[in-house]
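What you see is a predicted model, and the numbers here were worked out from it, not measured in a lab. First the proteins, then the strands, lettered A, B, ... as listed; each starts at 1.
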Amino acid sequence: YFSSSALLRANSGEPPKFQPPPKPVIIDKSKVVVERRFLSPEFIPPRGRKDPLKYYIERIDMIRRRKVLNIPEFYVGSILSVTTADPYASDKTSRFVGICIQRGGKGLGATFVLRNVIEGQGVEFCYEIYNPRIQEIKVLKLEKRLDDNLMYLRDALTEYSTFDVNMKPVPYSPNDEIPVNQLKVKMKPKPWSKRWERPYFNIQGIHFELPEEIMEEAQKLSQPWIKFDMLREYNTSELEKKIWNEVNEKLKK
Amino acid sequence: MPGWGLLCRAGARLLAGVPGGPVQAAATGTRGPWRFIVRPVNSSTWWDEHLSNENTQFLKQLTAEEYRAQTASKLCPLKDEPWPLHPWEPGSRRVGLVAIKLGMAPLWTKDGERHAVTLLQVRDCHVLKYTSKEENNGKTALLVVGGKNSSPFHKSESALEIFREAGVPPKQKTTIFKVSDNAIIKPGTPLYAAHFRPGQFVDVTAKTIGKGFQGVMKRWGFKGQPATHGQTKTHRRPGAISNSKVSKVFRGKKMPGKMGNIYRTSFGLKVWRINTKHNIIYVNGSIPGHANCLVKVKDSFLPTRQDCYKNPPFPTFFADGEEELPEDLYDQEVFQFTDSSVTYV
């Protein structure tokens, strides 16, 4: 192409300054690896007056268990399959597949609840992550949802809680960002087990088809001052970094 | 209290008689006409009220160094002219420990059963004083044991004397253990969690969580009255307290009052696991008291639990002895997290 320097020369008699073109910046995405730092929520100690030594002792045991059994990274909304030892089954194992609707507890007593609909019956299983009877935890589909707690699936249409027991695991690379499923779930007619439309639950993942009066009545119970309450703030970022370093070092040994 | 009427009348007389009396008493603390009514306050200052900042800092550092030196000097009790060690005999009673309740955690056995377990940490536990059985009551000797280290500045001189004689930093809790004559220990010896072994049973005493002044329904479990059907102002009251034939209220009648903050014991708790590095005892079940409260732990007295005391560390576990224990001691049935998952055959 013709550079503009020739035109400039034509306009004025002086020799123009040579402006080199801007250097192209090449980003090689195949080589740039952003490590995803995931610290399982049960490692972060809750706010309280207990001695941090107690949580440290529990963490040592949790790491020992993690070296024997691979507990993968998962979130509320991911689909997992768990095999446990069962003394009453014919092959002494029992396998359950479901969507994780809740992760609770801290330390060794941390639990997660899996939900599935089997032959028309909704079934929920609460597993303890560090229970020695668990033989395998496999993530079939790693994804997040719009909420941290999917208990409203109990009042949603059954199609949203049914998952194929023999589904094939969806592959995911450890460096991609976790996909957030923007699904908005349709509910069964009221009454529900909880009034999910109320702002206390702060649910984003329901497609409410309720009349506007009910939604407005529910908004009257909102507490907009809570987000300014300083006593409720619990900043765990520094704690998380320390615990992340500690846990990583021990897992590598 | 029976003397209240008398005291009130005496107080009223004094108030009327001496103008400016209460003001004088407040200024001087002990003098004035109130000295027979009001409990005398020995001193109304705190330890560093008249000290400069530098002096307080210096004193704090000095005491900290002194206590570090003291604990270091007591680390080798077996080389420090120990008292004669006797072997265990059936019928002998050994010392207990003072521990800190850290919290609770789950524990799994090899069969896959889950138990809830309390963690007790033994921190700076030393034997403080020995009273021989002649000085005591002619039957049992006593050993005073102290728990967690604390500052000397808010303790009375009489309390500090005991710690000074033992050569040990002042402790937050001191308890007395009745001990048989073959289990006496020299004051100043440190006590560790390995004093107890997994598989044995233990009694734990602590002060329950204080609930303050509570009504009869919470304190004694009374049923109260119905919420509706015409009840006038009576929903949580005790109802009748006696009958007309007796025409008196029995002593010890369950009534509202201060609940909690009293010593209670949990008996026969199994020890599942001992961590010798951090001195932690894993005890089955729950224990009275809040988190980080000080707790008295001793061998169980229950007759059905005496089989496990065939070979306890007697009179106590000495860290500088020949025994080298692994970091974690587990009971036979406990699932260790380094093992592979539980399977049924």
Side-chain angles (χ1 to χ4, degrees), chain A residues 42-43 45-71 82-95 104-112 125-138 247 250-251 253, chain B residues 99-124 147-148 172 193 209 272-283 286-287 289-295 326-330 333-345:
Chain A
E42 70 261 9
F43 280 103
R47 192 163 72 152
R49 287 199 190 179
K50 295 231 177 100
D51 203 342
L53 175 71
K54 185 234 176 190
Y55 298 115
Y56 174 72
I57 299 279
E58 279 199 311
R59 255 178 273 141
I60 295 176
D61 276 334
M62 283 150 78
I63 291 165
R64 278 185 193 148
R65 177 69 183 157
R66 274 178 184 253
K67 285 189 186 170
V68 175
L69 172 74
N70 172 39
I71 297 167
V82 174
T83 17
T84 44
D86 192 351
Y88 309 112
S90 50
D91 57 343
K92 307 295 177 190
T93 53
S94 78
R95 181 172 177 264
K106 299 283 179 193
L108 278 174
T111 54
F112 62 96
F125 251 103
C126 179
Y127 288 107
E128 287 164 326
I129 301 182
Y130 296 97
N131 194 331
R133 281 166 65 174
I134 293 183
Q135 281 157 359
E136 196 203 16
I137 304 180
K138 213 166 155 192
V247 166
K250 288 196 179 152
L251 275 174
K253 279 185 193 169
Chain B
I100 299 167
K101 174 179 169 178
L102 289 182
M104 293 186 75
L107 180 125
W108 286 273
T109 58
K110 289 183 176 154
D111 295 331
E113 280 170 11
R114 181 190 197 266
H115 297 272
V117 148
T118 318
L119 311 195
L120 300 175
Q121 191 197 18
V122 179
R123 214 191 279 176
D124 312 316
K148 170 177 148 185
Q172 196 173 320
I209 297 179
W272 286 110
R273 176 180 163 182
I274 300 225
N275 184 320
T276 39
K277 186 178 166 197
H278 298 275
N279 273 326
I280 295 183
I281 310 172
Y282 289 62
V283 159
S286 57
I287 269 157
H290 52 86
N292 301 326
C293 77
L294 287 157
V295 128
E327 192 189 322
D328 273 300
L329 292 166
Y330 295 92
E333 294 166 9
V334 166
F335 169 78
Q336 304 182 27
F337 285 107
T338 40
D339 298 340
S340 52
S341 308
V342 161
T343 42
Y344 298 102
V345 176

Problem - Heavy-atom check, side chain of A:I57 versus side chain of B:Y282, under 4.5 Å - result: yes
Fill in the blank from the handout: Under 4.5 Å to a heavy atom of chain B? For A:Q135 that would be both
Problem - Contacting region of B:A105 [heavy-atom separation from chain A under 4.5 Å] - result: both
Fill in the blank from the handout: If one checks every heavy atom of B:L107 against chain A at 4.5 Å, the contacting part turns out to be neither
Practice task
Would you check if A:K92 and B:T343 make a side-chain contact, meaning some heavy-atom pair closer than 4.5 Å?
Solution key: no
Exercise for the section: Under 4.5 Å heavy-atom distance to chain A, tell me which part of B:N275 shows up: side chain, backbone, both or neither. Expected result: side chain
Practice task
With the side chain counted from C-beta on, respond yes when A:K67 and A:K253 share a heavy-atom pair under 4.5 Å apart, and no when they do not.
Solution key: yes
Practice task
Assess whether atom NZ of A:K250 is packed by more than 12 heavy atoms of other residues, nucleotides or ligands within 6.0 Å.
Solution key: yes
Handout entry: Winner by heavy-atom pair count (cut-off under 4.5 Å) against chain B, out of A:G48, A:G107, A:A85
Key = A:A85
Problem - Part of B:L102 within contact of chain A (heavy atom distance under 4.5 Å) - result: both
Exercise for the section: Specify which of A:D86, A:T84, A:I63 makes the most heavy-atom pairs with chain B at under 4.5 Å. Expected result: A:D86
Exercise for the section: Could you look at A:K50 and say if it's the side chain, the backbone, both or neither that has a heavy atom under 4.5 Å from chain B? Expected result: both
Problem - Toward chain A, the part of B:Q121 with a non-hydrogen atom under 4.5 Å - result: side chain
Problem - Partner of A:D51 by salt bridge (Lys or Arg N to Asp or Glu O under 4.0 Å), out of B:R123, B:K148, B:K101 - result: B:R123
Exercise for the section: For residues A:V68 and B:F337, determine if any side-chain heavy atom of one lies less than 4.5 Å from a side-chain heavy atom of the other. Expected result: no
Practice task
Inspect the contact between A:E42 and A:R66 and indicate whether a charged nitrogen and a carboxylate oxygen are less than 4.0 angstrom apart.
Solution key: yes
Exercise for the section: Select one option (side chain, backbone, both, neither) describing which atoms of A:Y88 are under 4.5 Å from chain B's heavy atoms. Expected result: neither
